[in-house]
Amino acid sequence: PMNFINRQEELQRLEAIRQRSRTQSCMTVVTGRRRIGKTRLIRESLRGQQYLYFFISRKEESLLCEEFTKQITEVLDIPVFGIISQFKDVFAMLMEEGKRQPINVVIDEFQEFQRINPAVFSEMQHIWDTHKEEAAINLILSGSVFSIMTKLFSDNKEPLFGRVTERLHIGPFPIRELKEVLSEHHPKYTAEDLLTFYMVTGGVPKYVELLIDQQIWTHQAIIEEIFRPNSLFLEEGKLMLIEEFGKEYTTYFSILSLLASSKTSRGQIESIIQKNIGGYLSRLEKDYRIVRRVQPVLAKPGSKKIKYEIEDNFLHFWFRFIYKNRGAVEIENFIYLKKLFQRDYPTYSGYVLEKYFRAVLAQSGEWAEVGSYWERGFKNEIDIVAINPLDRKVLFAEVKRNPKQYSEDRLRLKAQTLSRKFRGYTQNFQGFFLSDLCES
């Protein structure tokens, strides 16, 4: 299997927290989408240390407590008397023991208590507040239903509000790491291979690992792997989101499906769905962090020029090619699905290519802002504008699969209005192409 990939920064933070917890209890919340490697990161950070790992699966509280007390006797070597059937008693026992020795406790899929027994949150808060000063507990709470995890700790009506000492949000691997993985396993990769790898995995460790372990890294092989019977990728979008959205999932899925098919403004989507989606869009952006609101660079905060995009590469791909064609997926007509994909790939990969170069520029550390630009009615669109006010320089870039389609004169013409706002700046005009992927 794939080695643990460089999460140095996160590991250092978790280690610093562990050291601090030896004198006073710390509560750390780790969030991030499913398959991003939260559990693996936490376990890696505690490697060589003694720790308790509680996984909250959907079963009776008393059964969970039985598992946990068994672990406590084995790991901490302390006797547990009688049968404990409530989590609050397990937690109280640990906080008491934490006054005698430092303890690392990981609670995974913490949000599941909401279903099992929601009273656990206020019981924990009370016990925590009573003992945290004298105890040395390194408590790490992790969960993948982002909306509930956020609400539990950020909503001032919730019992655990204000108790968290540290938060870590785990994102996908940056492009640099993706390229390293690919070149280590498949040094002769082409630009198209890298683009497809990025388009499908978006740097999510689980997907990267899945492809690498099966030695799938060419454009063709990746597409074959997705559009085949029983492919893990076919159900993945649903598995990830159905729990986040609950009963309303069909409306959310319709909105996301339209966003993925380049209907990117609220008006376009409302005219198709025939209902007001303001509230849905705002929740997709703020509560679920699945959608990002995009404005042209230098737009005023209240400006009406807004489009929305799905942040996660895999979800964008899933809604575009799998969910949208779920009829063909149902009857397993993979030949049809692959034809459809081939037809739309040139256009779709152009969108992914733009996103790729924006990410490369954003991760380069050279720019204060990296965005795109358009004028009313989506006129004079510029794929990438990168700004550095410190060095007073600005970059206007156009992204094309094929260098023959790029014209600097056309780009300068489109940038006329915008470039006036950068008087006294060094202004660069550039084309980025598919072939640059292997160099970037």
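All of these numbers come straight from a predicted model, not from anything done at the bench. Numbers here simply count residues along the sequence, with the first being 1.
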Quiz item: Can you tell me how far the CD1 atom of I290 sits from the CD1 atom of I255, to the nearest 0.5 Å?
Solution: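 Answer for the CD1-CD1 pair, I290 versus I255, is 11.0 Å.
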Exercise. Please round to the nearest 0.5 Å and tell me the distance separating atom CD of Q24 and atom CD of E133.
Key: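 Going from the CD atom of Q24 to the CD atom of E133 covers 4.5 Å.
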Exercise. State whether F317 and R320 meet the cation-pi test: NZ (Lys) or CZ (Arg) under 6.0 Å from the six-membered ring centroid, and within 45° of the perpendicular axis.
Key: no
Quiz item: Is the charged tip of R167 near the ring of F153: under 6.0 Å from the six-membered ring centre and within 45° of its axis?
Solution: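 Ring-cation test returns no.
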Restricting to non-hydrogen atoms, name the atom on [X] and the atom on [Y] that form the minimum distance, rounded to 0.1 Å.
X: Q111; Y: S142; answer: OE1-O, 4.5 Å
X: E354; Y: D383; answer: OE2-OD1, 3.4 Å
X: F233; Y: I226; answer: CD1-CG1, 3.8 Å
X: E381; Y: K307; answer: OE1-NZ, 3.6 Å
X: Y189; Y: S183; answer: CE2-CB, 3.7 Å

May I ask you to decide if the ring planes of [X] and [Y] are parallel, tilted or perpendicular, using 30° and 60° as cut-offs?
X: Y351; Y: Y348; value: tilted
X: F54; Y: F68; value: parallel
X: W217; Y: H186; value: parallel

Quiz item: Sub-3.5 Å donor-acceptor pair from the side chain of E369 to the main-chain atoms of V297, do we have one?
Solution: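 Not at all, since once roles are kept as given, no pair shorter than 3.5 Å links the two residues.
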Quiz item: Taking K38 for the side chain and R33 for the main chain, is one N or O donor matched with an acceptor at less than 3.5 Å?
Solution: yes
Practice problem: Could you tell me whether R289 and E311 make a salt bridge, using a distance below 4.0 angstrom between a side-chain N and a carboxylate O? | Solution: no
Self-check item: side-chain hydrogen bond (donor to acceptor under 3.5 Å, both in side chains) pairs, two or more places apart, involving residues 235-249
Solution: R34-E243, R35-E236, R58-E243, S147-E244, Y207-E236, E248-Y280
